[in-house]
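Contents: one structure, followed by commentary.
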Amino acid sequence: MICKNCMKNIATVKFTEVVDGAVVQHHFCAQCFESYQKELQGFTMEVPKPKHRSRGRSVREKQREAFIRCESCGTPLAKIVESAAVGCALCYTAFGKEIESMLEALHRGPMHRGKSFSSSDDRIRLMSELQSKRLLLRSMLKEEKYEEAARLRDEIAHLEKQVHSSEVHSQRRGE
Amino acid sequence: MVLPKSALSVPRWTAVSADLPESLILCECTAARNLSDFLFPHCCSDDERRAIASRVTGVLSDIKMISPGQYYAWGDMERVVQRFFAERRLVTYEMLAGSGLRGVWVSGDQSVAVMLNALDHLAIRALGEGGQLKQTWQVVNALDDVLGKMLDFSYHERLGYLTSSLNMVGSGLTLTVLLHLPALSMLNAIPEAAQRLASKRILLRGIAPGDPRDLSRPEMHVAPLCMSGWAADIEPARRQCLYGDLLGGLAALPERTLGNLFTLTNEDTLGASETEFVYYIEQAVQELVEEEEQSRHKLVRHHKEHLLDCVGRALGIAGGARLLGFGEALQATSLIRLAHALGFVAGIDRSALNMLLMECQNAHLQIMRGVAFDGHALALERARMFHSLFSKARIN
């Protein structure tokens, strides 16, 4: 078969791909394939990651990172170090030291100096209760304790109603 | 899914104020926020994502400070419509490439969008004219204030707003300005400027076409049978578009950019206030725009014939080509924009040139002109569009 690009050489590379749901096949020669690959250089999907973490970490430290997990979302510390992404707000507290040393490498300063956010004590209590009930619900479903899960679901629905009514209240206060 | 007429209307940011330098095209300002009682989206189940979406959209529908909008559930949208929203810069690449239940709320005038369950629970995004970074931030800030009164965001006394990516914690703010810098490019001054700005933690980056997820599946350019050097360079259909992202993975090296288009973005989000970040970016934009103006004068003074030759060729391709690749189209548009700003070409509307940047991309051509998702068909229709716009344009 002749290369579909240069229409001269014999096609030695075959690609099958799915473009918007349709299967498409391509045949081209080694030179055309190489030139295409060169064209892709300088185009990456890499996201900036902190560099200093890989320096001077002992084997023991790496092993610890692989095993230690956030109690709330279950994300292992090793994954956070690798991807610079956390699973929940509580990861910031659970891995405070490690995360702050990563933040040092990524940002110009260690502290937030911008706009602040405040919530009423009642709402904070309501929110943390909701979060812990949701986490409990997850573990109940995992352990197949469906009766307990149903009870928790009702409690969550009730708490969500309370959150909603406090939202409406805040909105009226805002107006 | 049929798009409502409002989604097809001209976005507000494409309108251009007369006194705005030509180099400034678009400002994007995005603030990432998370609700305090849920895990971050990539750890949430679909039920939890649904609860987040319903809570936020319920609040958004009651807000009167922005023009009434509509919520689009991502899963209900066809792929082409999803790409259309990304081309309009209403959603970022993270939304396009993400997984799980997610969606976007878009205001009627397409100046505000709230992405739900992409990287974070909410990403409040405003788009504005190139020179209006401060005003664009003020829109985001005001909406954030209103939402913050009704929703509880994850917030840490010392670290600020908590986000799923450590790159965005603190202010959660990403400021991006899309710039057109042809003269600096022609005089090879971009790498030096990028280096200078990097020391201030500001990133000057190039833009790359297409969806990087597809790069693992190579596809050759469409090569029409023609004299070498004169043939249209037609990219595969999936590379005939430009997306934006929050984490910087889509960026190209400045010297490999398309159509002399660059983005200027803050590198970090923690350690300075929002006002400072806006100020730093504004200063950098001002510096670059001044340098670009000086370079343009230099080009006219010392290389006028070469410049006019390039513009003439660009007008020839834009008005006369029957097949027009995406990269070629952006390059020709860049030279025409430059010539128009220098007064060499008249009768072209700048806001139409801004709109053209979006309309020559694949999903826009598919939706607005009914073209198939095929590199050749898109190039054919793009050439028709350029012909109707530029066939009568002449150098003064």
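So that the names make sense, note that chain A is the first sequence line, chain B the second, and so on, each numbered from 1.
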Under a 4.5 Å heavy-atom cut-off, does chain A meet the side chain of [X], its backbone, both or neither?
| X | answer |
| --- | --- |
| B:Thr269 | both |
| B:Ser154 | side chain |
| B:Glu48 | side chain |
| B:Phe38 | both |
| B:Val146 | neither |

Going from [atom1] on [X] to [atom2] on [Y], what distance comes out if it is rounded to the nearest 0.5 angstrom?
| X | Y | atom1 | atom2 | value |
| --- | --- | --- | --- | --- |
| B:Arg201 | A:Leu106 | CZ | CG | 8.0 Å |
| A:Phe117 | B:Asp144 | CZ | CG | 8.5 Å |
| A:Arg153 | B:Asp47 | CZ | CG | 7.0 Å |

Q: Determine which residues belonging to residues 88-96 of chain A lie within contact range of chain B, meaning some heavy atom pair is under 4.5 Å apart, and list them by number or answer 'none'.
A: A:Cys88, A:Ala89, A:Tyr92

So which of [options] has the biggest tally of heavy-atom pairs under 4.5 Å with chain A?
| options | answer |
| --- | --- |
| B:Tyr155, B:Tyr161, B:Phe277 | B:Tyr155 |
| B:Gly271, B:Ser36, B:Ser45 | B:Gly271 |
| B:Pro41, B:Gly206, B:Gly148 | B:Gly148 |

Q) Looking only at atom types and distance, does a side-chain atom of A:His107 sit under 3.5 Å from a main-chain N or O of B:Leu270, one as donor and one as acceptor? A) yes

Q. Is a side-chain donor or acceptor of A:Arg108 paired with a backbone partner of B:Asp268 at a separation under 3.5 angstrom?
A. no

Q | Between A:Ser72, A:Gly87, A:Cys73, the one whose heavy-atom pairs under 4.5 Å with chain B are most numerous | A | A:Gly87

Return the minimal non-hydrogen interatomic distance between [X] and [Y], and the atom names on each side.
| X | Y | value |
| --- | --- | --- |
| B:Thr163 | A:Val86 | O-CG2, 3.6 Å |
| B:Asp37 | A:Arg134 | O-NH1, 2.7 Å |
| B:Glu274 | A:Lys115 | OE1-N, 2.9 Å |

Q.
If you apply the rule side chain to side chain contact (heavy atoms under 4.5 Å, CB included), what do you find for A:His112 with B:His156, and how did you get there?
A. CA-CA 9 Å; A:His112 176 54; B:His156 189 284; over 6 Å; no

Q.
The criterion is salt bridge (Lys or Arg N to Asp or Glu O under 4.0 Å); which residues satisfy it with B:Glu276, sequence neighbours excluded?
A. A:Arg113

Q) Would you say A:Glu71 has more than 12 foreign heavy atoms packed within less than 6.0 Å of its CD? A) no

